[in-house]
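Here is how names work: the chains are called A, B, and so on, in the same order as the sequence lines, proteins then strands, and each is numbered from 1. Just so we're clear, the structure is a prediction, and the values are computed from it rather than from any experiment.
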2 protein chains.
Amino acid sequence: MALGKDYATQECSIARALEVVGERWTLLVVRDAIYGVRRYNDFLVHLGIPRAVLSARLKTLTEEGILDKRRYQEAPPRDEYVVTARGIALWPALRALALWGRENFQETQLRSFRHADCGTELGPYGECPACGTVVPVADVVLVPGPGLDPDPADPVSRALLKPKRLLEPLEIDPV
Amino acid sequence: MALGKDYATQECSIARALEVVGERWTLLVVRDAIYGVRRYNDFLVHLGIPRAVLSARLKTLTEEGILDKRRYQEAPPRDEYVVTARGIALWPALRALALWGRENFQETQLRSFRHADCGTELGPYGECPACGTVVPVADVVLVPGPGLDPDPADPVSRALLKPKRLLEPLEIDPV
DNA sequence: CAGCTTCGGTTCGGTCATTGAACCAACGTG
DNA sequence: CACGTTGGTTCAATGACCGAACCGAAGCTG
């Protein structure tokens with residue numbers, strides 16, 4: 001967390017986790033990475049985050065092994081940030097937070113998580129009620145809901161208007 | 001979150017959840033409340049949090065309906081903060097974070113969550129592998145593990161050296 | 001009943017993170 | 001060779017967090 005002091009007095013796995021992903025914006029960056037966002041500019045526009053903060057978050061997330069920075073083009077040199085297994089392992093926590101936020105603080109349903117095989121919406125523990133199994137992240141589809149009002153200037157929001165399988169890179173079409 | 005601007009541009013339940021519980025210390029306060037901490041001074045000592053910050057967090061958590069402030073004694077007037085159903089609903093997210101923190105950033109196991117009925121450690125989705133059912137929070141026992149080195153000056157740490165059922169108020173014995 | 005302690009705060013000055021805007025550099029394109 | 005795109009860094013201002021001090025109500029102690 002690096003704010004004066006960390007949660008050093010806490011002997012607790014939750015505190016340890018929050019030292020890594022508890023700063024402002026961090027979990028939203030991981031969320032976007034799981035949604036398939038990979039490029040600096042897409043994170044920037046979609047999150048509306050200050051550039052300096054985004055740079056800092058990408059740096060620490062890379063250092064902590066949650067994102068992997070990889071060169072995808074040499075000339076001009078361009079890097080992308082791809083979520084690692086350690087980052088994907090945050091998915092249950094993010095899904096639980098999303099469910100809590102939706103049930104307690106939202107009227108309209110913005111998006112839903114569905115099982116790619118059968119289209120059923122995931123249950124509270126990330127399971128598919130129809131198939132009776134826990135659905136791995138790669139088999140989850142993000143489906144837009146009725147309450148959505150996307151920013152037309154944001155290519156990520158536009159790309160998410162179609163159902164989108166998690167982890168796969170987003171296809172950004174230019175404006 | 002109230003930091004300059006909130007996550008207003010985000011159309012996302014995760015962002016909405018983080019606006020409520022994403023500030024520094026907030027989730028740790030909720031964690032303690034689920035562990036059974038109820039009194040201002042116990043939060044203060046156990047968390048090592050500045051008093052002003054604790055007051056602010058208790059206030060917003062109460063306003064958001066996550067804690068319930070109730071008078072438990074008239075003379076002298078004393079209030080306690082009891083976690084509500086909305087706060088208890090954060091348990092799956094906290095458990096997922098604890099699992100992630102432990103598996104990725106900790107060597108020794110500090111504590112484990114076990115099914116009160118049979119003593120089995122909970123699985124990754126909060127289920128009891130032996131009984132095959134999802135365990136409600138009230139039936140979870142927090143059991144100290146080998147890596148624990150509690151602060152003897154902290155009554156909450158001392159109380160948690162014995163197995164402790166979640167939600168039940170902590171019995172604080174004076175120094 | 002004077003003085004000390006406990007509990008649950010508020011106030012305050014200093015520090016540190018976050019913000020938004022500006023700037024920068026490498027490269028490709030017309 | 002001007003301009004756009006991408007991926008940053010720098011900087012001043014703002015505001016959250018920090019630790020320490022202070023405060024008030026009530027009880028207990030001698």
Atom pair distance, as rounded to whole Å: CD in A:Q73 and C1' in D:dT6: 9 Å

Round to the nearest Å and state the distance from B:K59 atom NZ to D:dC17 atom P. 14 Å

At 4.0 Å (heavy atoms only), tell me whether A:K69 reaches a base, stays on the sugar-phosphate, or touches nothing. sugar-phosphate

Separation of D:dG19 atom P from B:L54 atom CG, nearest Å, is 13 Å

I want to verify a distance call: between C:dG8, C:dT18, D:dT6, whose nearest atom is closest to the A:V53 side chain? C:dT18

Integer-rounded Å distance: C:dT19 P and A:I49 CD1: 7 Å

Counting side-chain heavy atoms from CB outward, which of C:dG8, D:dT10, D:dT6 is closest to B:Y40? C:dG8

Expressed in angstrom and rounded to an integer, what is the separation of B:E19 atom CD from C:dT18 atom C1'? 16 Å

My understanding is that only one of B:E103, B:Q106, B:R102 makes a side-chain hydrogen bond (donor to acceptor under 3.5 Å, both in side chains) with A:S13; could you say which? B:Q106

Is there a path of hydrophobic side-chain contacts, each under 4.5 Å between heavy atoms of I/L/V/M/F/W/Y residues, joining B:L54 to B:V30? yes

Toward the 5' end of DNA chain C, by each residue's nearest nucleotide, B:R78 or A:P77: B:R78

For A:S55 and D:dG7, is the shortest distance between a side-chain N/O and OP1 or OP2 below 4.0 Å? no

Roughly how far, to the nearest 0.5 Å, is the CD atom of A:E11 from the CG atom of B:D154? 10.0 Å

In whole Å, I'd like the distance from the OH atom of B:Y72 to the P atom of D:dA26. 15 Å

Using a 6.0 Å distance limit plus a 45 degree cone around the ring axis, check whether A:R39 lies over the aromatic ring of A:Y72. no

May I ask you to evaluate whether A:N41 reaches the phosphate of D:dG7, defined as a side-chain N or O under 4.0 Å from OP1 or OP2? no

Is a salt bridge present between B:R165 and B:D139, judged by a nitrogen-to-oxygen distance below 4.0 Å? yes

Which listed nucleotide (C:dG28, D:dG27, C:dT18) is nearest to the side chain of B:P76? D:dG27

Quick one: A:R24 CZ to D:dC17 P, roughly how many Å, whole number? 10 Å

Axis-to-axis angle across the helix from C:dC1-D:dG30 to C:dG30-D:dC1, five pairs each end, nearest 10 degrees, ~ 0°

Please state whether the phosphate of C:dA22, meaning OP1 or OP2, lies under 4.0 angstrom from any side-chain nitrogen or oxygen of A:R51. no

When you measure from the side chain of A:R57, which nucleotide among D:dT5, C:dT18, C:dG8 comes out closest? C:dT18

B:V29, B:V37, B:V156 screened by side chain to side chain contact (heavy atoms under 4.5 Å, CB included) with B:L47, the one that passes: B:V29

Distance in angstrom units between A:F43 CZ and D:dT6 C1', rounded: 15 Å

Count the heavy atoms belonging to other residues, nucleotides or ligands that lie under 6.0 Å from CD of A:E171, then report whether that count exceeds 12. no

Spacing of A:D32 atom CG and A:L44 atom CG [to the nearest 0.5 Å]: 11.5 Å

Determine: side-chain N/O of A:W25 to OP1/OP2 of C:dT19, distance under 4.0 Å, yes or no. yes

Classify B:Y81 by what it touches in the nucleic acid, base, sugar-phosphate, or nothing, heavy-atom distance under 4.0 Å. sugar-phosphate

Among D:dA26, C:dT11, D:dC18, which nucleotide sits nearest the side chain of B:A52? C:dT11

